[in-house]
Peer 1: 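One structure follows; several queries about it will come next.
Atoms within each ligand, like the ligands themselves, are counted from 1 in listed order.
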Amino acid sequence: MKPFPFEYRIAETTEEAVTLLADEGSEAKIIAGGQSLGPMLNYHLVRPDYLIDINRATELNYIVEEGGFLRIGATATEVDIENSALVRQHVPLLVTATTHIGFPSIRHRGTIGGSVAHNDPAAEYPATLLALDAMFDVVSLRGRRTLSATDLFADRFLETTADVDEMIVGVAIPISTPTMRPGFAEFQERAGDFATAGVSTVLTMNEAGNQIVSAAIAAFGGLYPARLRAAEDALAGAEPSVETFSEAAAAVGAEFAVGSDVHGSARYRRRLIEALAKRALAEAAALQPTG
Ligand SMILES: Cc1cc2nc3c(=O)[nH]c(=O)nc-3n(C[C@H](O)[C@H](O)[C@H](O)COP(=O)(O)OP(=O)(O)OC[C@H]3O[C@@H](n4cnc5c(N)ncnc54)[C@H](O)[C@@H]3O)c2cc1C
């Protein structure tokens, strides 16, 4: 199918983009990599009158380290992130998550801002950015505000809490310290497919590395990306062990909101998430996974 007709506008700057958004409101959509919006236009799932292309707004394309944060501009592509030495050094979990997104041709066009704004429940970035306690800058003609990942995603499905006249301009991720140990596990039916489910985690250990100070666990592939607080609370202060992680993984499976679809029943997904949580936690603590 072909998209319905639309007017194509190029924004050379953030200001031009938010001015167009303010003028056209819900009739307009930003286009970044077009890897999600393109199919949605073709399948008539969205019918904007205006597309605002932000790819020429060069101030939105950066990856820098600043003030204890890794800052990534909205139009940084998934390949930019995958290949960035700064990201690899300071937030390695984001590189791992990125390499699981689709395949290279998708990652060459897809942007972090687009993936965040699209908030697909099966996408790697929203859950991983939840686990990393990322902060998001959003801008409109009314001004700029900063939202936590929890406030931006807020149990939403294929949307965020950003208003229609707001644009996501950047992500700030606290730089990982040596005591923060990342873990990641996902299941795809075929290489390159969206994940059926996955888990991103960061365990903050004590200096000796034998006790968990705090845990961040987020899952994707359910109704929406989510932090799993009951499991996180259960792990705080615990010693890493196969038994501890099995109990925490069961709590993840119990808490994560899942549904049934063509890829599997809710019961299957819950069991899958539990197994993936166990794997991600074991990876973070460098234990041998058992299932
Ligand atoms: C075959 C295929 C496989 C894929 N597999 C995966 C996968 O395994 N995992 C995964 O996570 N993703 C996957 N994707 C999606 C891919 O990662 C997309 O690139 C990403 O979800 C959207 O980024 P984009 O830059 O292409 O956004 P676009 O498609 O341009 O936009 C997506 C949405 O975000 C809005 N938007 C874009 N930028 C902004 C902004 N800065 N501020 C506010 N709103 C904005 C748009 O208006 C639109 O509603 C796949 C896509 C395809 C086609």
Side-chain angles (χ1 to χ4, degrees), residues 3 6 8-9 11 13-14 16-18 20-21 24-43 45-57 59-62 72-82 94 96-129 136-140 144-145 147 152-153 156-171 184 186-198 200 220-221 225 263:
F6 54 80
Y8 176 71
R9 305 272 178 87
T13 62
T14 303
E16 274 183 37
V18 294
L20 286 165
L21 277 178
E24 312 304 346
S26 57
E27 308 304 320
K29 270 211 159 293
I30 288 172
I31 183 158
Q35 298 302 297
S36 296
L37 187 55
M40 289 176 76
L41 289 167
N42 287 345
Y43 286 114
L45 297 173
V46 289
R47 192 180 173 172
D49 291 334
Y50 302 91
L51 283 192
I52 305 168
D53 185 337
I54 58 170
N55 286 287
R56 289 211 205 146
E59 77 252 30
L60 293 171
N61 192 351
Y62 58 86
I72 305 179
T75 59
T77 65
E78 291 149 0
V79 156
D80 291 337
I81 291 166
E82 184 177 345
L94 194 63
T96 308
T98 305
T99 58
H100 287 78
I101 296 175
F103 30 89
S105 58
I106 304 294
R107 301 200 291 270
H108 271 281
R109 296 294 309 164
T111 65
I112 190 165
S115 179
V116 165
H118 188 57
N119 192 18
D120 190 304
E124 284 80 1
Y125 276 164
T128 301
L129 292 166
F136 299 85
D137 282 331
V138 300
V139 168
S140 70
R144 172 183 288 255
R145 57 191 186 121
L147 296 173
L152 185 76
F153 297 119
R156 298 292 179 102
F157 170 80
L158 289 180
E159 63 173 16
T160 67
T161 57
D163 289 327
V164 286
D165 64 337
E166 284 181 318
M167 180 167 109
I168 296 164
V169 293
V171 184
F184 183 92
E186 77 167 42
F187 175 74
Q188 302 167 323
E189 283 179 13
R190 293 172 309 183
D193 280 357
F194 268 97
T196 309
S200 287
F220 52 101
H263 301 291

Peer 1: Give the residue and atom name of whichever protein heavy atom lies nearest to atom 4 (C) of ligand 1, and the separation in Å to one decimal.
Peer 2: Phe194 CE1, 3.6 Å
Peer 1: Please list the nearest protein heavy atom to atom 7 (C) of ligand 1 with its residue and the distance rounded to 0.1 Å.
Peer 2: Gly102 N, 3.3 Å
Peer 1: Tell me the closest heavy-atom pair linking Ser115 and Glu78, and the distance in Å.
Peer 2: CB-OE2, 4.1 Å
Peer 1: Out of all atoms in ligand 1, which are within 4.0 Å of some heavy atom of Ala117? Include the element for each.
Peer 2: 34 (O), 35 (C), 36 (N), 43 (C), 44 (N), 45 (C)
Peer 1: Give yes or no for whether the N/O distance cutoff of 3.5 Å, strictly under, is met between Glu78 and ligand 1.
Peer 2: yes
Peer 1: Is Ile168 in polar range of ligand 1, meaning some N or O pair under 3.5 Å apart?
Peer 2: yes
Peer 1: Using a strict cut-off of 4.0 Å, indicate which atoms of ligand 1 neighbour a heavy atom of Ser115.
Peer 2: 20 (C), 21 (O), 22 (C), 23 (O)
Peer 1: Would a 4.5 Å heavy-atom cut-off, applied to side chains only, mark Leu147 and Thr160 as touching?
Peer 2: no
Peer 1: Consider every N or O of Ala195 and every N or O of ligand 1, then say whether any pair is closer than 3.5 Å.
Peer 2: no
Peer 1: Relative to the heavy atoms of Ala74, which atoms of ligand 1 are at a distance of less than 4.0 Å?
Peer 2: 41 (N)
Peer 1: Which option out of Ile30, Val18, Asp53 puts a heavy atom nearest to atom 47 (O) of ligand 1?
Peer 2: Ile30
Peer 1: Has Asp120 got any heavy atom lying under 4.0 angstrom from an atom of ligand 1?
Peer 2: no
Peer 1: Nearest to atom 25 (O) of ligand 1, what protein heavy atom do you find, and at what distance?
Peer 2: Thr111 OG1, 2.6 Å
Peer 1: State, to 0.1 Å, how close Thr111 and Gly33 come at their nearest heavy-atom pair, and which atoms those are.
Peer 2: CG2-N, 4.0 Å
Peer 1: Tell me: protein heavy atom nearest atom 28 (P) of ligand 1, and distance?
Peer 2: Gly34 N, 3.4 Å
Peer 1: Output the list of atoms in ligand 1 that are nearer than 4.0 Å to some heavy atom of Leu37, sorted by atom number.
Peer 2: 28 (P), 29 (O), 31 (O)
Peer 1: Can you check ring-ring contact (aromatic ring centres under 6.0 Å, His included) on Phe194 and His263, steps first, answer last?
Peer 2: CA-CA 11 Å; Phe194 268 97; His263 301 291; 9.6 Å; no
Peer 1: Which atoms of ligand 1 are found less than 4.0 Å from any heavy atom of Glu124?
Peer 2: 7 (C), 8 (O), 9 (N), 10 (C), 11 (O)
Peer 1: Can you measure from CD1 (Ile101) to CG (Asp120) and round to the nearest 0.5 angstrom?
Peer 2: 11.0 Å
Peer 1: Would you check whether Tyr125 reaches within less than 4.0 Å of ligand 1, judged by its heavy atoms?
Peer 2: no
Peer 1: Should one rank Ser36, Ala28, Gly110 by closest heavy-atom distance to atom 20 (C) of ligand 1, which comes out on top?
Peer 2: Ser36
Peer 1: Please lay out, stage by stage, how Ile81 and Tyr125 fare under the test side chain to side chain contact (heavy atoms under 4.5 Å, CB included).
Peer 2: CA-CA 11 Å; Ile81 291 166; Tyr125 276 164; 3.5 Å; yes
Peer 1: Might you work through the side chain to side chain contact (heavy atoms under 4.5 Å, CB included) test for Lys29 and Leu41, ending with a clear yes or no?
Peer 2: CA-CA 11 Å; Lys29 270 211 159 293; Leu41 289 167; over 6 Å; no
Peer 1: For Ile54 and ligand 1, answer yes if some heavy atom of the residue is under 4.0 Å from a ligand atom, otherwise no.
Peer 2: yes
Peer 1: Which option wins on minimum heavy-atom distance to atom 27 (O) of ligand 1: Ala127, Gly114, Pro48, Ala76?
Peer 2: Gly114
Peer 1: Distance under 4.0 Å to a non-hydrogen atom of Gly33: what atoms of ligand 1 satisfy this?
Peer 2: 24 (P), 25 (O), 26 (O), 27 (O), 30 (O)
Peer 1: Taking all non-hydrogen atoms of both residues, which atom of Pro48 and which atom of Phe6 are closest, and how far apart?
Peer 2: O-CB, 3.5 Å
Peer 1: Taking all atoms of both residues into account, what is the closest heavy-atom pair of Thr128 and Ser200, and its distance?
Peer 2: OG1-OG, 2.7 Å
Peer 1: Let me confirm one number: the OG1-CG distance from Thr98 to Asp80, rounded to the nearest 0.5 Å.
Peer 2: 10.5 Å
Peer 1: Over all heavy atoms of both residues, which pair between Leu158 and Pro121 is shortest? Give the atoms and the distance, please.
Peer 2: CD2-CD, 4.2 Å
Peer 1: Would you please classify the geometry between the Phe153 ring and the Phe136 ring as parallel, tilted or perpendicular, with 30° and 60° separating the classes?
Peer 2: perpendicular
Peer 1: Heavy atoms only: give me the nearest Ile72-Ala76 pair and the separation to one decimal.
Peer 2: CG2-CB, 3.6 Å
Peer 1: Nearest protein heavy-atom contact for atom 49 (O) of ligand 1: which residue, which atom, what distance?
Peer 2: Lys29 NZ, 3.2 Å
Peer 1: Could you tell me which atoms of ligand 1, counted from 1 in the order shown, lie closer than 4.0 angstrom to a heavy atom of Gln35?
Peer 2: 18 (C), 19 (O), 26 (O), 29 (O), 51 (C), 53 (C)
Peer 1: List every atom of ligand 1 that sits less than 4.0 Å from any heavy atom of Ile106, numbering the atoms from 1 in the order shown and giving each element.
Peer 2: 1 (C), 2 (C), 16 (C), 50 (C), 51 (C), 52 (C), 53 (C)
Peer 1: Counting N and O atoms only, with roles assigned by atom type, does the side chain of Asp163 sit under 3.5 Å from a partner on the main chain of Asp165, one being a donor and the other an acceptor?
Peer 2: no
Peer 1: Applying a strict 4.0 Å limit to heavy atoms, is Asp193 in contact with ligand 1?
Peer 2: yes
